[in-house]
Amino acid sequence: MIDYRLLFRRAPTPMLVLDPDLVIVEASDAYLAATITRREDIVGRHIFDAFPDNPDDPEARGVEAIGASLQRVVRDRAPDVMPVQKYDVPRPDGGFATRYWAPLHAPVFNAHGDLEFIVQRPEDVTAFMVAQTAGGELGRLTEELRQRIGQAEAEMLARQQLQRQQHETMQVLADSLHTAVLGCDCLGLPVLCNNAARALTGDRLDGAPAEQWPQRLGLFDPAGHPLAESDNPLVNTLHDRQVHDAEVVMRTPDAPARTFLMHAGPIEGRTDVVAVVAMNDVTALRHAARLQECELRTSKLLASAEPTDDVLVTVVQLVGSMIGWAATEVWIVDEVGQVLRRAACWDAGGRGRVCAGDEPLPPDDGLPARAWQSNQPLWATDLDEDRASLPAAMAIPMAGGTDVLGVLVCYSETTEVPDDTRTAILTGIGAQLGGFLERRRGDSLAAELDRTRDEYAALVGHEVRTPLTSILSYTELLLDEPGLAGDHRDMVRVMHRNVGILSIIVDKLLEVAGLRSGHLEVHRRPMDLVSVVYQAVDAARERTPRDVTIAVDAPATMPIQGDPERLRQMADELLNNALAWAPEHSTIGVRLTADAYAAVLDVSNTGEPIPASEHGHLFDLFFRGGAVRHSGIPGSGLGLTLARAVVEQHGGTISVSDPAEPLTVFTVNLPTQPAADR
């Protein structure tokens, strides 16, 4: 480790260190020797208390001249070079010794840019000044010394002129660039600023050392935190570290945030400009990338999610946070009242500037309503009083086909004019939201249609059941009449059989409608699914007159939580469907498997494959495939619908195998535990 105190004291050059109040802090040994003093006698004293003017010299002006120079250093924060001064020093034994000095005063700043010390370097030129007044050899030496000093001054002047020319050339070159370029001296003070930098910073950096630049310019890191000193590119450069592609964000009042890539590096061999930083504005590139990412994420979200209001809340937050809006909201068109009603709202500051209040907007009130009526993106800076704290907003209509179904509104904290890229991206997001609302409206209509159909089926079933019951009862009475003739008895038997079939169809219709609408409950309890399936298999074997085998592959037991009567209905319908399609001398497979979470029932047959075009409709109400209609196979199109209703009421799923498979397999998945346990 270097002992800097020892190094300073042993320096061969006279140097004195003062604080801003001109109190002596430290002195080099050479200074003490030149001034005939001791360190302990002068440190801690005011400079002019330690070194007063010589009272025996009526022309002494040392205190006045040195004091003026030191005040200039404090005021201008810059070094000050003085001409030769006669400033006698006190002798330890009394009186004053004649001294001539060539003083230099220089400021020393701390890390915060505050004046910490003033260094005085007084060159002792007493011998030279005395020699000027002597003759002979001393006069010749004096003249030679004067010539050498003149030559040195000329060389210094030439170097200063060259340096000034180089600085002017550098300034002209920097001014020709569109990138902001800033340079500083060894103290970190700005000494180079091109036109682009002046337009960017104004006078905010005047007299500011490098450590203060982030605060004065409002620089933040990409995460939004104020730029730390360790991340300050200029400070790093002053420590001889190169900086490449350091991303910073500039935030200033009443202006949109701007993103810059900063490059910085030291300049070798220069004393006027020792470090340069370039700020390349990449705001447009970063903004375009965020816009594209926002559009992609919004598209994925809207395509995969169910069309609910929660999705709209997520979308408005996504659009607001990723693109940098102050607030975003979605208004939905109420077709009945012909007004706009807010469906979702997000405020970046959480201050309720936009989201407070839920009053509907009529067609002629406000920016959202104008965008709804015009079906065009609109930008406005004349917002109503409720949003006076936000100076501007953009409204994007959300269209489904030719109809505007809603409006997306984005609010800005500045009066910026939106660029074409942002308008195009937001218009695309508005179109996606319109498609989302169209899908939601379609799903709502489909759900309403299903509900209405179920209610209609239940109504028709109830209305038909009463006369069917009467007809069935009267046909049974007629069949009990002993005097009924043979032909008449046969006709009554046909009536009785067909009315019975019709009653079964009506009962199934009521079961389906009741299960789908929730009017019929399933009563879950511990049960053995294997036992229920074997009961259905035994009943199916008894009622089929054909040579069809039903093979069962099942464990000894399979406990689940379910409704045995409803699950028996499901198994009966699947077996009835398999028997209807199984050819002679074939085998129907029934297989049961289970794990800790689900029980699986497979029912398979080798009958005619189901056409791919009919796969999506197999479980629809009253659906009967083309082969069924043309082959004369009896059925109502309710069996598979009833099976699916039972499975779904148990929290399970039912599906059918791919048409390309050699077997047609209906697969039922049922949870083994109740929903609360799962």
Side-chain touch R258/V249, heavy atoms, less than 4.5 angstrom: no
Take V333 and L340 through the test side chain to side chain contact (heavy atoms under 4.5 Å, CB included) and record every step on the way to the result. CA-CA 5 Å; V333 176; L340 288 172; 3.6 Å; yes
Specify the closest pair of heavy atoms between V339 and W372, including all atoms of both residues, with the distance to one decimal. N-CH2, 4.0 Å
Can you check whether A210's main-chain N or O pairs, donor with acceptor, with N232's side chain at less than 3.5 Å? yes
Work out which heavy atom in T328 is nearest to a heavy atom in C410; give both atom names and the distance. CG2-SG, 3.8 Å
For Q373 and P363, work out which heavy atoms get closest and say how close. NE2-CB, 3.2 Å
Distance, nearest 0.5 Å, that separates CZ of R251 from CG of L217: 14.5 Å
Separation between CG (L205) and CD (Q212), nearest 0.5 Å, reads 10.0 Å
Walk me through whether E293 and L296 qualify under side chain to side chain contact (heavy atoms under 4.5 Å, CB included). CA-CA 5 Å; E293 183 183 357; L296 178 60; 5.7 Å; no
Quick check: do L567 and I560 have side-chain heavy atoms less than 4.5 Å from each other? yes
How long is the span from the CD1 atom in I654 to the OG1 atom in T667, to the nearest 0.5 Å? 8.5 Å
Does a side-chain heavy-atom distance below 4.5 Å link L189 with C184? no
Salt bridge flag under 4.0 Å for residues E573 and R566: no
Please check this pair: side chain of Q561 against backbone of R524, looking for a donor-acceptor N/O pair closer than 3.5 Å. no
Can you tell me how far the OG1 atom of T179 sits from the CE atom of M262, to the nearest 0.5 Å? 12.0 Å
T672 side chain to A599 main-chain N or O, any donor-acceptor pair under 3.5 Å? no
Taking side chain as C-beta onward, heavy atoms only, is H523 less than 4.5 Å from E565? no
Tell me, do T298 and V319 make a side-chain contact under 4.5 Å, heavy atoms counted? yes
Yes or no on side chain to side chain contact (heavy atoms under 4.5 Å, CB included) for W213 and L219, after CA distance, side-chain angles and deciding distance? CA-CA 8 Å; W213 289 20; L219 298 183; 5.6 Å; no
As an exercise, state the distance from CH2 of W325 to CG of L426, rounded to the nearest 0.5 Å. 6.0 Å
Can you tell me if Q215 has over 12 outside heavy atoms packed within less than 6.0 Å of its CD? no
Exactly one of L408, V330, L361 clears side-chain contact (heavy atoms from CB on, under 4.5 Å) with P368, and that residue is L361
Are the side chain of H178 and the backbone N or O of A196 linked by a donor-acceptor pair below 3.5 Å? no
C294 vs I425, side chain to side chain contact (heavy atoms under 4.5 Å, CB included): CA-CA, chis, key distance, verdict: CA-CA 9 Å; C294 178; I425 294 292; 5.8 Å; no
With a 4.5 Å limit on heavy-atom distance, are the side chains of E329 and Y411 in contact? yes
I'd like to know if the side chain of D403 reaches the main chain of L405, judged simply by a donor and an acceptor atom lying under 3.5 Å from each other, with no hydrogens or angles considered. no
Closest contact, heavy atoms only, L312 versus A343: CD1-CB, 4.0 Å
Measure across P391 and S412 and return the closest heavy-atom pair with its distance rounded to 0.1 Å. CD-O, 3.2 Å
Search all heavy atoms of M394 against all heavy atoms of W379 and return the closest pair with its distance. CB-CE3, 3.4 Å
The reported gap from CG in D347 to CD in Q317 (rounded to nearest 0.5 angstrom) is 11.5 Å
T427 (side chain) donor-acceptor with T423 (main chain) under 3.5 angstrom: yes
Do R204 and T252 have side-chain heavy atoms sitting under 4.5 Å apart? yes
